[in-house]
Amino acid sequence: MDTPLYDLHRSLTPAQLAAVTHVQGPLLILAGPGSGKTRVVTHRIAHLLNVGIPARQILALTFTNKAAAEMQSRLATLAPGQPVWMGTFHRFCARLLRMNAALVGLAENYSIYDMEDSRKMLISVLEEEGVDLSHTSPDAVHHAISWAKNHLITADKYVPARGLQIGRIVERVYPKYQQALLRANAVDFDDLLLHVATMLRENPEVRADLDKRYQYIMVDEYQDTNLAQYAIVRALSIDYPNLAVTGDPDQSIYGWRGANLDNILDFEKDFPNVKVVRLEQNYRSTKAILRVADQLIEHNVRRKQKGLYTDNPEGEKVRLFAYPTQRDEAEHIASQIAQEIHSGRRRARDFAIFYRTNALSRQIEHSLREHVIPYQIVNGLEFYQRKEIKDVLAYLHLLNNPRSDVALLRIINTPTRGIGKSSLQKLQEHARRKQIPLLDAAREAGLIKELNKKSALAIAKFVAMYDRLGESVLAPLEEIVGKVLTETGYREVLQNSEAEEDQERLANLEELLTAAREFDIRNPGQGNLEQFLEESSLVADTDAWEAETDKVTLMTLHAAKGLEFPCVFIIACEQGLLPHERSIKDYDRDKLEEERRLMFVGITRAMERLQLSYAQYRTFRGLSAPTVPSMFLMELPRHEMDQSSNLAALNATSDWEEPEGDVDFDFGANVDDSSQLPAHDDEYSQLDEPRPKKQREKTLTSGLLTAADLLARQESPGRKVPINAFKHGMTVSHPEHGLGTITALAGEGPKRTATVQFFGDSQERKFRLLFANLTPVEE
DNA sequence: TGTGAGTTGATTTTT
DNA sequence: TCAACTCACA
């Protein structure tokens, strides 16, 4: 049933309503922080549906999976069951490319290389070309290529900018890199966009079809679009220019990734007759917080003037604290949080701590642990980036795309099977000479003269194993993953290892199996390997953040965008960190303004309480040094803020709530203050024990049970062992066949099936667990 | 060929 | 500080 219109529109302000009810023609929504933007977007989609626009004509593009999921779930309550396509740019492009791969010289089973993969590929190209890297690094070259791609500059069009040192190298290597990718039937992240943009430009009829197909396009966070994304959206909005974008120039923080602020600043020029709606009322923060944010961002030149206001209460003063050391900073923040939690005033999830770089989280973590405060970190090492996961996925990648050399290189000797560096080199040599994929070269190992017998045999065995795995590509994902773990010996190696680290890896792989199983449930039917790989390639760190758990959140300022918390701490507001030194050193105003926006984003996450702080002394990269407070702090309305130097408070034993008196905030005093901080260096390094690996744990599953799980848990009459007790790699016994090992599991509930390899049996056997007479064997 | 110690070199943000 | 990479040795 459609939601009646009046219901949908109730509780919207006039400005919001104007945006929601705009249907035909371009629309620009300038949405300040906390202005209910997501609400407006989802209501607008619901409105479009209400006025009879088919769901399949609507497309909503976001930058993160999280944002897409958020929208999806909100829309689900407004307009249940409507198949509106929502997702990230990259995912959308992956889809389009899948359907039109041939147009850009790819096969439809192409692989998506992540940063690590494409970097490896680039390095091998650089080596092949014999490029001298003494004055640059592979990463710099990579970045330059990425920059070019984001600016729609293809390999054949690349002309080095004058004075750009690296230009010469890029000019030479970019085409080779691109060829290598095509040969491997692979794309990097940037290619997803570039290929689609190219495809739309060169195939007018395809473009027209898609334009017609997606008549109503919405783009979230438009200020973060780069030229490629702009071109794509533009190309799909020519015949049907019903493009609605939302964004805030003041929250553009991805310039370094090619985001082009002009896209939003010039939107009105690009699309004539655009309707502009400004959402300036903030529903999130107190007046005090908003004033601080506003004053800071006033210092930027490249922006659209915007008046932020709120009807929220004045609230408490924003705090600006100077601590002697980072340890004091962390300790005091942790104590404040602990006290608020213990007093029952707030819960752990109400707090967030932001910092400019990931490395800054360590001290905070340490203090939070000391105070036994639960926290979650959104940081670099996410699930799909872990070695063991990437290894196993590489097997899957190679199964899906036999031309993926990067995948092959990753696993041909993982776990080790006697194929060393020199053998590999010879193999690569051979592949290069004949211009064939490595896997094909491996098939000819016996014919390669340079290879000794032993190596050739090892390679042949690898190929045989690969082909054996290949027989299962149409099986459910869980089964494929299980097979990979068993057949490759990967599981066995870890099981036999004493190292705690390896046990953890085993647990992570168990999680991967669970993920595969959940995927199978979501996607019944055959041959979904490709889709599974695509999904796993396009997930990001911040997607792992869980709003529901009751934990303090630690994250970078970048990751914080789009979120809100009652209490926010921004630490290390120091020159060189925020703004980051790289944005200061070449006096680039744009870069500096981006740093300022970053701080603006951080500040505007806070609803009720905000504390900015810096340490007068900070140990960074093992070196301790006095700091200079962030220049941005000078731009704030300091007179109306609570400025305390916390030395006094730190000496007090009990009450943290009221930091002692308003000591004047002296920006110069910190530098020569080292006398009162004797030898803290050593002392701290002792305290600073390495972060336990456990902290990395991130759950892929919610812990919720599906109906099928429950079913599986039920004890069926006549059997002692619940179906769930059977795990991959487990030893089991069978009255007829004797002892064996479970090599794969698949299916759900009564259909759950185990594949067992019995000892001394030449082939595997499959059993329905519900009926089979299998028993786990205690080891 | 594989392992481990030792050294180096780099350290922003991420789809 | 730490991870990635090199190089020497078994």
Side-chain angles (χ1 to χ4, degrees), chain A residues 61-68 87-94 112-116 118-120 123 133-134 137-140 142-143 146 149-150 187-194 221 224-226 228-229 252-259 354-360 362-363 378-382 384-385 387 413-425 452 454-455 458 534 537-544 555-561 572 576-585 591 594-595 597-599 601-602 619-624 681 684-685 688-691:
Chain A
L61 296 172
T62 63
F63 278 83
T64 64
N65 294 302
K66 193 172 56 175
T88 63
F89 264 102
H90 292 264
R91 208 173 273 263
F92 176 65
C93 289
I112 300 171
Y113 281 0
D114 67 9
M115 285 300 259
E116 194 186 340
S118 48
R119 189 168 164 272
K120 276 185 183 162
I123 288 174
L133 289 170
S134 51
S137 67
D139 286 329
H142 199 223
H143 186 260
S146 172
K149 286 186 175 181
N150 285 327
V187 300
D188 62 21
F189 282 141
D190 304 313
D191 278 342
L192 284 173
L193 305 173
L194 179 59
E221 308 280 14
D224 287 336
T225 49
N226 59 37
Q229 285 157 333
S252 160
I253 52 177
Y254 287 106
W256 51 274
R257 235 173 70 190
F354 303 149
Y355 34 80
R356 177 64 230 265
T357 68
N358 279 311
L360 290 166
R362 307 195 75 225
Q363 191 75 58
V378 179
N379 76 347
L381 239 204
E382 56 129 344
Y384 283 103
Q385 299 287 358
K387 182 184 180 304
N413 202 30
T414 318
T416 54
R417 39 176 84 91
I419 305 170
K421 221 181 353 187
S422 62
S423 308
L424 257 183
Q425 229 156 32
N452 63 42
K454 202 169 132 220
S455 311
E534 183 180 307
S537 300
L538 297 176
V539 291
D541 293 356
T542 39
D543 297 334
M555 55 168 69
T556 63
L557 285 161
H558 280 89
K561 193 162 72 163
L577 286 170
L578 180 64
H580 195 273
E581 59 178 331
R582 292 207 180 189
S583 39
I584 311 175
K585 70 165 181 245
K591 281 187 184 165
E594 180 154 318
E595 296 284 308
R597 292 195 290 268
L598 197 50
M599 189 164 189
V601 166
T619 311
F620 203 58
R621 284 186 223 158
L623 287 176
S624 184
D681 215 346
Y684 290 166
S685 50
D688 202 9
E689 61 199 65
R691 182 194 307 173

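Residue numbers begin at 1 in each chain, while the letters A, B, ... track the order of the sequences.
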**Student:** Which of the following nucleotides, dT1(B), dC2(C), dT15(B), is nearest to the side chain of Ser422(A)?
**Tutor:**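 Of the options given, the side chain of Ser422(A) lies nearest dT1(B).
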**Student:** Closer than 4.0 Å, any side-chain N/O of Thr556(A) to the OP1 or OP2 of dT14(B)?
**Tutor:**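 Answer yes for this pair, as a side-chain N or O of Thr556(A) is under 4.0 Å from OP1 or OP2.
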**Student:** Heavy atoms from C-beta onward define the side chain here; which of dT15(B), dT1(B), dC2(C) lies closest to that of Ser455(A)?
**Tutor:** dT1(B)
**Student:** Rounded to the Å, how far apart are Asn358(A) CG and dA3(C) P?
**Tutor:**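 In whole Å, dA3(C) P and Asn358(A) CG are 13 Å from each other.
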**Student:** Side chain of His90(A): nearest nucleotide among dT15(B), dT14(B), dT1(B)?
**Tutor:** dT15(B)
**Student:** How far apart are the closest heavy atoms of Ser537(A) and Ile112(A), and which atoms are they?
**Tutor:** OG-O, 3.9 Å
**Student:** I'd like to know if the side chain of Glu595(A) and the backbone of Ser583(A) have a donor-acceptor N/O pair within less than 3.5 Å.
**Tutor:** no
**Student:** Could you tell me the separation between the OH atom of Tyr355(A) and the P atom of dT13(B), rounded to a whole number of Å?
**Tutor:**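 Rounded to whole Å, this separation is 10 Å.
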**Student:** dT14(B) P sits how many Å from Leu193(A) CG, rounded?
**Tutor:**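 Atom CG in Leu193(A) sits about 17 Å away from atom P in dT14(B).
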**Student:** Would you say the side-chain atoms of Thr416(A) pair up with the backbone N or O of Asn413(A), donor to acceptor, closer than 3.5 Å?
**Tutor:** no
**Student:** Figure out the NZ/P separation between Lys149(A) and dT14(B), and round it to whole Å.
**Tutor:** 21 Å
**Student:** If I take atom CG in residue Asn226(A) and atom P in nucleotide dT14(B), what distance separates them, rounded to the nearest angstrom?
**Tutor:** 16 Å
**Student:** Between the main-chain N or O of Leu194(A) and the side-chain N or O of Asp191(A), is there a donor-acceptor pair closer than 3.5 Å?
**Tutor:** no
**Student:** Send over the distance from Arg91(A) CZ to dT15(B) P, rounded to a whole Å.
**Tutor:** 11 Å
**Student:** Tell me every residue that passes side chain to side chain donor-acceptor pair (under 3.5 Å) with Ser146(A), counting only those two or more places apart in sequence or in another chain.
**Tutor:**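 If we apply the side chain to side chain donor-acceptor pair (under 3.5 Å) test to Ser146(A), skipping adjacent residues, the hits are Asp190(A).
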**Student:** Which part of the nucleic acid, if any, lies within reach of Asn413(A) when heavy atoms closer than 4.0 Å are counted: base, sugar-phosphate only, or nothing?
**Tutor:** sugar-phosphate
**Student:** Let's see if you can work this out: which of dT1(B), dC5(C), dG2(B) has an atom nearest to the side-chain heavy atoms of Arg119(A)?
**Tutor:** dC5(C)
**Student:** For the pair made of CZ in Phe354(A) and C1' in dT13(B), what is the distance, rounded to whole Å?
**Tutor:** 15 Å
**Student:** Are Tyr254(A) and dT14(B) stacked, counting the six-membered base ring, centres under 5.5 Å, planes under 30°?
**Tutor:** no
**Student:** Below 3.5 Å between N/O atoms, which protein atoms pair up with nucleotides 8-11 of chain B? Just atom names and distances, please.
**Tutor:**
unit_1, atom_1, unit_2, atom_2, d
dT11(B), N3, Arg621(A), NE, 3.0
dT11(B), O4, Arg621(A), NH1, 3.2

**Student:** Closer than 4.0 angstrom, basic N to acidic O: yes or no for Glu594(A) and Arg597(A)?
**Tutor:**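 Result for this pair is yes, salt bridge flagged.
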**Student:** Taking NZ, NE, NH1 and NH2 as the nitrogens, is one of them in Glu116(A) or Lys120(A) under 4.0 Å from a carboxylate oxygen of the other?
**Tutor:** yes
**Student:** Just say parallel, tilted or perpendicular for the rings of Trp256(A) and His558(A), cut-offs at 30° and 60°.
**Tutor:**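 Rings of Trp256(A) and His558(A): perpendicular, as their planes differ by over 60°.
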**Student:** How far apart are the C-alpha atoms of Lys149(A) and Leu193(A), what are their side-chain angles, what is the distance that settles it, and do they pass the side chain to side chain contact (heavy atoms under 4.5 Å, CB included) test?
**Tutor:** CA-CA 8 Å; Lys149(A) 286 186 175 181; Leu193(A) 305 173; over 6 Å; no
**Student:** Which nucleotide wins on minimum distance to the side chain of Arg362(A), given the candidates dC2(C), dT13(B), dT14(B)?
**Tutor:** dC2(C)
**Student:** Under 4.0 Å, heavy atoms only, any strand: does Ile253(A) hit a base, just the sugar-phosphate, or nothing?
**Tutor:**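 No contact at all - Ile253(A) keeps every heavy atom at 4.0 Å or more from the nucleic acid.
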**Student:** Looking at every strand, decide which applies to Phe189(A) at a 4.0 Å heavy-atom threshold: base, sugar-phosphate, or nothing.
**Tutor:** base
**Student:** Provide a list of protein-nucleic acid N or O atom pairs under 3.5 angstrom, restricted to nucleotides 6-9 of chain C.
**Tutor:**
none

**Student:** Using the closest heavy atom to pick a nucleotide of DNA chain B for each, name whichever of Glu595(A) or Leu424(A) lands nearer the 5' end.
**Tutor:**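 Of the two residues, Leu424(A) wins.
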**Student:** Please report the C-alpha distance between Arg119(A) and Asp139(A) in whole Å, then the side-chain angles of each, then the deciding distance to 0.1 Å, and finally whether the side chain to side chain contact (heavy atoms under 4.5 Å, CB included) criterion is met.
**Tutor:** CA-CA 7 Å; Arg119(A) 189 168 164 272; Asp139(A) 286 329; 2.6 Å; yes
**Student:** In whole Å, what is the span from the CG atom of Leu598(A) to the P atom of dT14(B)?
**Tutor:**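 From Leu598(A) CG to dT14(B) P: 10 Å.
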